[in-house]
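Okay, structure first, notes after.
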Amino acid sequence: MTNFVEELRWRGMLHDIMPNTEEKLNEGMTSGYIGFDPTADSLHVGHLTQIMTLIHFQNAGHKPFALVGGATGMVGDPSGKSDERNLQTPEMIEHNLKGMKSQLSKFLKFEEGGNGAVMVNNADWFKDMNLFTFIRDVGKHITVNYMMAKDSVKRRLEGDSGLSFTEFCYQLIQGYDFYHLWKNENCLVQMGGSDQWGNIVTGTELIRRKDAGTAYAITTQLIKKADGTKFGKTESGAVWLDPEKTSPYKFYQFWLNASDDDVKKWIRIFTLKNKEEIEGLEKEHDAAPHLRILQKALAEDITVKTHSVEALETAIKTSEFLFGNGSLEFLRGLSDKEVLDIFDGVPQYKILIEELGAGIDAASLLAEKSAIFPSKGDAKKTIQGGGVSVNKEKVAEMAQIFNADHLINDKFIVVQKGKKNYFLLIAE
């Protein structure tokens with residue numbers, strides 16, 4: 001057994017902790033849980049703090065429960081939200097649960113006995129409970145005054161959108177989750193982000209009032225970026241754990257592009273590297289910040305954990321191809337989808353494969369068949385200055401001919417203007 005709370009503390013993850021929680025955990029193996037609402041069919045990097053919390057919990061010798069909210073996902077948690085969520089159908093939720101279960105299995109050891117992780121779905125204990133049973137067995141133990149005092153409720157009541165009865169009830173539903181797991185699985189601790197404190201302590205209060213029991217609570221820091229922008233978001237949206245939604249290359253780049261201020265916090269939170277390893281990397285990084293040693297260590301570690309070693313290798317080769325002297329052969333080994341993922345967000349132009357068959361001169365290809373240059377004159381000027389490459393080779397003259405033999409995977413031509421401006425031609 002190791003001290004789980006101290007692990008969170010030195011990593012800068014700990015926010016709130018209920019009195020006597022650390023002492024209870026240090027007595028021996030304890031069961032604890034974190035809930036995940038199935039708002040999408042994939043988790044995203046915003047969930048990683050809680051996933052890492054469960055990993056540390058299991059590594060410390062405790063038994064982690066991952067609760068997927070098949071029931072609560074139909075309601076929506078008002079904590080940290082300014083507007084009410086869209087309600088989802090049971091079919092949508094079931095689809096989302098399958099994706100989440102698959103992803104959580106990559107991070108936690110789900111095995112029988114000992115401190116093997118367990119996945120539970122609160123729909124299993126709510127599906128047969130009717131309204132009258134709920135208000136009799138749960139609602140009578142928690143007063144409206146108690147519920148109204150929660151910050152998440154106050155903020156919504158003071159805002160323009162208000163708070164529906166549906167979301168007002170959420171803390172009771174989550175509180176009953178805790179009660180059910182405490183009663184039936186001896187789950188003594190609930191963990192979550194700091195915005196969950198009110199919901200979590202409602203659970204401990206329900207346990208105390210209903211069965212005179214004792215339960216515990218821990219919350220972690222909400223991750224914020226040093227520049228004030230929202231963590232886990234890019235210009236193209238959320239960074240997902242599903243490679244179909246966010247390619248491993250983009251996932252890798254998200255972490256690689258972390259600022260120096262952010263990476264020193266994130267490498268503690270999102271990797272399992274110990275204190276000595278991290279401090280050693282920090283010294284190397286501070287001695288040569290331009291090498292981005294911390295960013296690379298973080299990006300490599302979390303990409304392997306989320307995807308695979310092979311996905312990391314592809315992400316690194318993609319980076320080398322786009323920003324260094326990577327080989328064209330790398331692209332030839334990828335599927336069409338993987339090539340398109342690499343060039344997602346890059347200007348793309350479609351050309352007729354029949355026209356390529358007859359051959360197209362460089363000027364026409366770059367200024368007429370595509371709009372890489374506004375005119376042949378502009379294309380000529382840049383070509384003469386050595387500023388245009390096709391498939392990683394410099395274009396020597398305007399009259400140079402390109403045909404179907406230049407297609408990568410019989411479909412693509414990669415054009416580069418300058419060092420960093422890429423364009424993708426797609427033959428159809």
(request) Please answer whether the main-chain N or O of Lys109 pairs with a side-chain N or O of Gln58 as donor and acceptor at a distance below 3.5 Å. (result) yes
(message) Donor-acceptor pair, distance only, cut-off 3.5 Å: does the side chain of Gln221 make one with the backbone of Leu14?
(response) yes
(request) Establish, from distance only, whether the side-chain atoms of Asp137 and Tyr179 form a donor-acceptor pair under 3.5 Å. (result) no
(request) Decide whether Ser31 and Glu185 meet the rule of one side-chain donor and one side-chain acceptor closer than 3.5 Å. (result) no
(message) So that I can tick it off, tell me whether Glu282 and Arg268 are bridged by a salt bridge, with the cut-off set at under 4.0 angstrom between side-chain N and carboxylate O.
(response) yes
(request) Decide, yes or no, whether a salt bridge links Lys392 with Glu329 under the criterion of side-chain N to carboxylate O below 4.0 Å. (result) no
(request) Examine Phe254 together with Phe251 and report whether their ring centres are nearer than 6.0 Å. (result) no
(message) Taking the ring centre of each residue, are Phe412 and Phe343 less than 6.0 Å apart?
(response) no
(request) Would you mind checking if Asp341 and Lys337 are paired as a salt bridge, meaning a charged N to carboxylate O distance below 4.0 Å? (result) yes
(message) Under a plain distance cut-off of 3.5 Å, with no hydrogens placed, do Gln196 and Thr219 share a side-chain donor-acceptor pair?
(response) no
(request) On the 0 to 90° scale, with breaks at 30° and 60°, tag the Phe270-Trp266 ring pair as parallel, tilted or perpendicular. (result) perpendicular
(message) Less than 4.5 Å apart, side chain to side chain, heavy atoms only: is that true for Leu97 and Ile93?
(response) yes
(request) State whether a side-chain donor-acceptor pair under 3.5 Å links Asp242 with Gln103. (result) no
(message) Any carboxylate oxygen within less than 4.0 angstrom of a Lys/Arg side-chain nitrogen, looking at Arg11 and Glu7?
(response) yes
(message) Given 3.5 Å as the limit, does a donor-acceptor pair link the side chain of Thr246 with the main chain of Pro243, or not?
(response) no
(message) I'd like to know whether the aromatic ring centres of Tyr176 and Phe126 sit less than 6.0 Å apart in this structure.
(response) yes
(message) Side chains of Asp211 and Trp182 only: does a donor on one sit below 3.5 Å from an acceptor on the other?
(response) no
(request) State whether a side-chain donor-acceptor pair under 3.5 Å links Asp227 with Thr229. (result) yes
(request) Taking only Lys NZ, Arg NE, NH1 and NH2, and the carboxylate oxygens of Asp or Glu, determine whether Asp41 and Lys98 approach each other closer than 4.0 Å. (result) no
(message) If only side-chain N and O atoms count, and only distance matters, is there a donor-acceptor pair under 3.5 Å linking Asp260 with Gln295?
(response) yes
(request) Taking atom types as modelled, find out whether Thr202 and Asn199 have a side-chain donor-acceptor pair closer than 3.5 angstrom. (result) no
(message) Can you tell me if Lys225 has over 12 outside heavy atoms packed within less than 6.0 Å of its NZ?
(response) yes
(request) Could you tell me whether Glu313 and Lys317 make a salt bridge, using a distance below 4.0 angstrom between a side-chain N and a carboxylate O? (result) no
(message) I want to check something: taking the side chain as every heavy atom from C-beta on, are Ile55 and Leu272 in contact at a cut-off of under 4.5 Å?
(response) yes
(request) Look at the rings of His47 and His44 and say which category their plane angle falls in: under 30° parallel, 30 to 60° tilted, over 60° perpendicular. (result) tilted
(message) Looking at Asp286 and Lys264, is there a salt bridge between them, counting it only when a charged N and a carboxylate O are closer than 4.0 Å?
(response) yes
(message) With a 4.5 Å cut-off on side-chain heavy atoms, are Asn421 and Phe423 touching?
(response) yes
(message) Does any part of the side chain of Ile342, heavy atoms only, come nearer than 4.5 Å to the side chain of Phe330, both counted from C-beta?
(response) yes
